[in-house]
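What follows is a set of notes on a single structure, which appears directly below.
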Amino acid sequence: MDTEEKAVDTRPAEAEKKPVKAEKKRADAKKNAKKNNRIGRPPAIVYYPAYFFVTLWYRLRYNIHVDRKALAGRKGPAIVIAPHVSGKDHILVSMGIFPRRPTFVLSEHFMTGKLRGVLEFMRTISKKMFCPDTRAVVKIIRSAREGNTVVLFPEGRLTWYGRSLEVTDGTAELIRQLGVDVFTVTSSGAGMTFPKWAKFVRRGRIDVKTELLIDGSAARSMTADAIDSLIRPALRHDEEKALPGVTFRTKDTTAGLDGILWVCPSCGASEAGVLETSGGHIRCTRCGLDCTADAHGRISGLPEGLAPGISISTVADWYEYCASTVDISVPLVMPVSVSATDAEGFMRRDIGLATLTVTSDTVSVEGQIDGEEVSLSAPASKITAFPITVGDHIDIYFGGRLHLLSPIPDGRAAIIPVAYLDRVTAARKVAQEVDQ
């Protein structure tokens, strides 16, 4: 009798345990999923020792001065936006916002090689540049809501000539949705110390300054257009004017300039390699023009009486002159060597030969890639810009796959499609403003 009663008593107890166990399992799964989806920050045990070692070296070597007063007393999540003027901006921004640990939003370009593991470990967010990428946007929003300091370079590209590039669409709307503090970090002198085109770094001075651009409470009540009107002037920069009077010492003030200059203002010769740039001189191989560029980027020795409308006094002026000569009414066609990412997202080099064609309406690539005949195209209105590795290649996405296109026979010609598409995008925006 007692045994039967015990048997009856134990059955309900077992039945009660099962749902409790299942409930705990679901809760654990939910907790683990949430943990796995966290963006997080760079691990403190790695980040802080690395930060102190790297920044001490940079401070001593490049005469860096940091003003981070704007962050004093500020806590909680934040968005940091910065002009992208040098390849060392991630280090300089980190110096500006210390002791906050940054969550950088980086081009997917950097995740296609050996650095992927390091960048993932440091909790960076990769983004396909000038290509729709909702996954990256979701991660940015999630990161800010975790309380992180998210760092964006809204131009989407590192400027190759020291002046502002266009801010990518959607930045203002993202800031409005997040409704957190927005800071700017400007690194005046960084673009002159580490010019994207240069073969040698320089030494002069870099001033890193952090400012509060928009208070979080204000951001929540502003329109995207109002936010955009604050972002654009805050990011505007001209490195040649950023630190007047500072001399940036280097081995050679012109080595590498042939990667962004391709038109002689004296005779009009126009093609990659027509200008020889070394030893502080810029020489035209056609007409014999010989001028110099000093440590401030100032040009001397151009002949008097250049064509009407041509005014060149600095390296940046010369690039803008070259870009102005591009005729977007005529299709740009050039042979290219193709590299592209594989199924795992790693870059496979030189896997095809093709022809790049850029018009006011379309960007297309036709040829043989990875042993197959392909014809890839996208509207120019969707791509809007080409990131560039000066003297080597441009980046473009087709179907979410990253392709690197290197002009044949001379990689220095990569700057020409960059200038072409920038002019197409600018002309489209002007037309849209007129229609409105």
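- Judged purely by atom type and a 3.5 angstrom limit, Asp228 has no side-chain atom pairing as donor or acceptor with the backbone of Ala172.
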Donor-acceptor contacts under 3.5 Å from residues 257-272 side chains, at least two apart:
from, atom 1, to, atom 2, distance (Å)
Asp258, OD1, Thr277, OG1, 3.4
Asp258, OD2, Arg412, NH1, 2.8
Glu271, OE2, Arg286, NH2, 2.3

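- Annotation: Lys209, atom NZ; neighbour count of heavy atoms from other residues, nucleotides and ligands within 6.0 Å does not exceed 12.
- Few gaps surround CG on Leu60; more than 12 heavy atoms of other groups in view lie less than 6.0 Å from it.
- For Arg74 and Asp215, the salt-bridge test passes: some basic side-chain N is under 4.0 Å from an acidic carboxylate O.
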Notebook entry, point to check: Could you walk me through whether Glu366 and Thr355 pass the side chain to side chain donor-acceptor pair (under 3.5 Å) check?
Noted result: CA-CA 5 Å; Glu366 294 187 353; Thr355 299; over 6 Å; no

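- Judged purely by atom type and a 3.5 angstrom limit, Ser324 uses its side chain to pair as donor or acceptor with the backbone of Tyr321.
- Side-chain N/O atoms of Asp252 and Thr254 include a donor and acceptor closer than 3.5 Å.
- Side-chain atoms of Gln177 and Glu173 include a donor-acceptor pair closer than 3.5 Å.
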What donor-acceptor contacts under 3.5 angstrom involve side-chain atoms of residues 382-394, with partners at least two apart or in another chain?
from, atom 1, to, atom 2, distance (Å)
Thr389, OG1, His393, NE2, 3.2

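- Phe130 is listed as a side-chain neighbour of Arg157, based on a closest heavy-atom distance under 4.5 Å.
- Side-chain atoms of Val333 and Leu356, non-hydrogen and from C-beta on, never get closer than 4.5 Å to each other.
- A side-chain N or O of Asp89 and one of His84 form a donor-acceptor pair less than 3.5 Å apart.
- With values rounded to the nearest 0.5 angstrom, Ile175 atom CD1 is found 5.0 Å from Ile81 atom CD1.
- To the nearest 0.5 Å, the span separating OG1 on Thr285 from CD on Glu276 amounts to 6.0 Å.
- Residues Val208 and Ile206 meet the side-chain proximity criterion, which asks for heavy atoms closer than 4.5 Å.
- A cation-pi arrangement, defined by a distance under 6.0 Å to the six-membered ring centre and an angle within 45 degrees of its axis, is absent between Arg116 and Phe110.
- Side-chain contact annotation: Arg205 with Asn63, donor-acceptor N/O pair under 3.5 Å absent.
- To the nearest 0.5 Å, atoms CG (Asp395) and OG (Ser107) are separated by 6.0 Å.
- In this view, Phe52 and Phe98 satisfy the ring-ring contact (aromatic ring centres under 6.0 Å, His included) rule, not counting sequence neighbours.
- In this structure, Glu155 contributes its side chain and Leu165 its backbone to a donor-acceptor pair below 3.5 Å.
- Between the side chains of Ser329 and Asp327, at least one donor N or O lies within less than 3.5 Å of an accepting N or O.
- Using a 3.5 Å distance cut-off with no hydrogens or angles, the side chains of Asp225 and Thr223 do not pair a donor with an acceptor.
- A salt bridge links Lys128 with Glu108: the distance from a Lys NZ or Arg NE/NH1/NH2 to an Asp or Glu carboxylate oxygen falls below 4.0 Å.
- Not counting sequence neighbours, the partners of Ala316 by the side-chain contact (heavy atoms from CB on, under 4.5 Å) test are Tyr161, Arg163, Glu240, Thr314.
- Residues Asp133 and Lys139 are not paired through a salt bridge, judged by the lack of any N-O separation under 4.0 Å between the basic side chain and the carboxylate.
- Asp207 and Ser188 are not linked by any side-chain donor-acceptor pair at a separation below 3.5 angstrom, with hydrogens and angles left out of the test.
- Every residue meeting the ring-ring contact (aromatic ring centres under 6.0 Å, His included) condition with His403, not counting sequence neighbours, appears here in chain and number order: Phe398.
- Taking 4.0 Å as the cut-off between side-chain N and carboxylate O, Glu166 and Arg232 count as a salt-bridged pair.
- The closest side-chain donor-acceptor pair between Arg202 and Thr250, if any, does not fall under 3.5 angstrom.
- In terms of the ring-ring contact (aromatic ring centres under 6.0 Å, His included) criterion, residue partners of Tyr58 (sequence neighbours excluded) are, by chain and number, Tyr62.
- The shortest side-chain heavy-atom distance between Leu230 and Val182 does not fall under the 4.5 Å cut-off.
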